Amino acid sequence: MIVLSKLQKVVDQRTVVDIPQLEVKSTEISALIGPEGSGNTLLLQLLTGRTHPSAGSILIADVDPAKDKTAFSRLTGVLFAEDTLYKNRSARSNLTFYARLRSLPETRVDRVLEQVGLRDQASTRADNLGSGLKRRLAFGIAILHQPAVLILVEPFARCDEASITLLTQLIQTQANNGSAVLILTATDSYMVSLCDALYTLDQGRIVAERHPKEEEPASALPFKIPVRREGSIALVNPGDILMAQVEDGRTSLLTGDGMLPTQYTLTELEQRLARSGFFRAHRSYLVNLQHVTEVIPFTRSSFSLRLDDPAGTIVPLSRDAARELRELLDY
């Protein structure tokens, strides 16, 4: 869906971008990693048709972005480094403006507000939203027209942990639904667990390549999770963890000894506990499926999980997670 072939860009008689071959297929997530000055900025201009290659070609969903901007806009969603929101408009009004430009129904606006977790902030002006919520809204605009290709520049910029978790899930969902996703970022933070391929960009050239999902699990990952107790550090067996949750930006583990704080983010815990039967039930909750006793439907689109602790703890289950869990457990 994204194909760069023998791509070169020459500026002032100097070749500043030189990529012989790069391909991101449907359902794949790839990241080009390079700090300022690595060529990412110029590459973004090439990918979005703002400048023409000096040699070679770029095809985005079989479209040359520099030659057919209308088709490119229809098939591609772009999240720029800045949020580019209409600050005086509400969250809903921002989405509605772009929906009308693309002749999309109002129901699509409602769906995206729910996806990015802004349904309760729909009437809030964009300039009154927190930085993480602004980033969610900007991402919502990028996916509003259900593009075949997503180009994301620093998708987690200015985000809190909850927004990073939600955006990570949404990016993965877009790929699962068939989109090709290319991320341009300065660092590999949060990229290893998300991407199928990582490319290091230096002076406009790809100098290294990784495929994390094909690699053997890192032996350095701990078999126990450290948590802080008064005067000591406890090491918790993953099997004793019922769930992990984020509240007020702090991550805690629920065990038989109650809630225990941990230094890890929820995303980092998800990576470390992926092979121990843990499941992301909600953007703020990671549950151990071995301790889940019941899936409780409240409405057609609202579900919760009951854990097997003495209190019968209830954990929210998002609609997308409910669908994924149903496929996973085949019920």
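We use all heavy atoms of the structure for the numbers below, so side chains are in, but hydrogens, waters and symmetry mates are not. Treat the numbers as computed from the prediction; the structure is a model and nothing was measured.
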Next item on the list: Return the set of residues passing side chain to side chain donor-acceptor pair (under 3.5 Å) with Glu106 (not counting sequence neighbours), or none when no residue passes.
Entry: Arg92
Notebook entry, point to check: Any salt bridge (Lys or Arg N to Asp or Glu O under 4.0 Å) pairs touching residues 193-205, not counting sequence neighbours?
Noted result: Asp196-Lys213
Check: Should the heavy atoms of other residues, nucleotides or ligands under 6.0 Å from CZ of Arg119 be counted, would the total exceed 12?
Finding: no
Next item on the list: Return the set of residues passing side chain to side chain donor-acceptor pair (under 3.5 Å) with Asp188 (not counting sequence neighbours), or none when no residue passes.
Entry: none
Notebook entry, point to check: Which pair of heavy atoms, one from Ile183 and one from Cys195, lies closest together, and at what distance?
Noted result: CD1-SG, 4.3 Å
Next item on the list: Test Leu184 against every option in Leu152, Thr41, Asn40 by the side chain to side chain contact (heavy atoms under 4.5 Å, CB included) rule and name the one that passes.
Entry: Asn40
Checklist line | Worked check of side-chain contact (heavy atoms from CB on, under 4.5 Å) between Ile225 and Leu235 | finding: CA-CA 5 Å; Ile225 304 298; Leu235 299 178; over 6 Å; no
Next item on the list: Not counting sequence neighbours, which residues clear salt bridge (Lys or Arg N to Asp or Glu O under 4.0 Å) with Glu23? List them please.
Entry: none
Check: Is the shortest heavy-atom distance from the side chain of Leu7 to the side chain of Leu46 under 4.5 Å?
Finding: yes
Notebook entry, point to check: Heavy-atom distance under 4.5 Å between the side chains of Asp308 and Leu242, does that happen here?
Noted result: yes
Checklist line | Partner set under side chain to side chain donor-acceptor pair (under 3.5 Å) for Glu209, not counting sequence neighbours | finding: His211
Check: Is there a side-chain contact between Leu4 and Ile2, using heavy atoms and a 4.5 Å cut-off?
Finding: yes
Notebook entry, point to check: Are side-chain heavy atoms of Pro147 and Leu75 found at a separation under 4.5 Å?
Noted result: no
Notebook entry, point to check: Tell me, which pairs form a salt bridge (Lys or Arg N to Asp or Glu O under 4.0 Å) where one or both residues lie in residues 284-295, sequence neighbours left out?
Noted result: Glu294-Arg306
Notebook entry, point to check: Relative to Phe139, does Arg136 satisfy both conditions: NZ or CZ under 6.0 angstrom from the six-membered ring centre, and within 45 degrees of the ring's axis?
Noted result: no
Notebook entry, point to check: Would you say the side chain of Lys6 lies within less than 4.5 Å of the side chain of Gln21, judging by non-hydrogen atoms?
Noted result: no
Give every donor-acceptor pair under 3.5 Å between a side-chain atom in residues 25-34 and any protein atom, sequence neighbours left out.
{"residue": "Ser26", "atom": "OG", "partner": "Gly178", "partner atom": "O", "Å": "2.5"}
{"residue": "Glu28", "atom": "OE1", "partner": "Lys25", "partner atom": "N", "Å": "2.9"}

Notebook entry, point to check: Taking the side chain from Thr76 and the backbone from Phe72, do they hold a donor-acceptor pair closer than 3.5 Å?
Noted result: yes
Check: Quick check: does any side chain N or O of Asn288 sit under 3.5 Å from a backbone N or O of Gln290, one acting as donor and the other as acceptor?
Finding: yes
Next item on the list: Output every pair passing side-chain hydrogen bond (donor to acceptor under 3.5 Å, both in side chains) with a member in residues 241-252, not counting sequence neighbours, ordered by first then second residue.
Entry: Gln245-Glu247
Note to self: Within the supplied structure, the quantity of interest is the number of heavy atoms (other residues, nucleotides, ligands) at a distance under 6.0 Å from Asp62 CG; does it exceed 12?
What the structure shows: no
Next item on the list: Quick one: which residue pairs count as a ring pair (Phe, Tyr, Trp, His ring centres under 6.0 Å) with a foot in residues 171-202, not counting sequence neighbours?
Entry: Phe156-Tyr190
Check: Listed by chain and number, what are the side chain to side chain donor-acceptor pair (under 3.5 Å) partners of Glu154, not counting sequence neighbours?
Finding: Thr185
Next item on the list: Answer yes if Leu325 and Val315 sit in the same cluster of Ile, Leu, Val, Met, Phe, Trp and Tyr residues linked by side chain heavy atoms under 4.5 Å apart, and no otherwise.
Entry: yes
Notebook entry, point to check: What salt bridge (Lys or Arg N to Asp or Glu O under 4.0 Å) pairs are there with at least one residue in residues 253-271, not counting sequence neighbours?
Noted result: Arg229-Asp257, Glu270-Arg280
Next item on the list: Any chance you could lay out the side-chain contact (heavy atoms from CB on, under 4.5 Å) test for Val17 and Gln8, step after step, and finish with the verdict?
Entry: CA-CA 5 Å; Val17 172; Gln8 290 186 337; over 6 Å; no
Notebook entry, point to check: Are side-chain heavy atoms of Leu44 and Leu42 found at a separation under 4.5 Å?
Noted result: no
Notebook entry, point to check: Residues in salt bridge (Lys or Arg N to Asp or Glu O under 4.0 Å) with Arg158, at least two apart?
Noted result: Asp83
Margin query: Closer than 4.0 angstrom, basic N to acidic O: yes or no for Arg125 and Asp127?
Written below: yes
Margin query: Test of understanding: clusters of I, L, V, M, F, W, Y form through side-chain heavy atoms closer than 4.5 Å, transitively. Do Leu43 and Val10 belong to the same one?
Written below: no
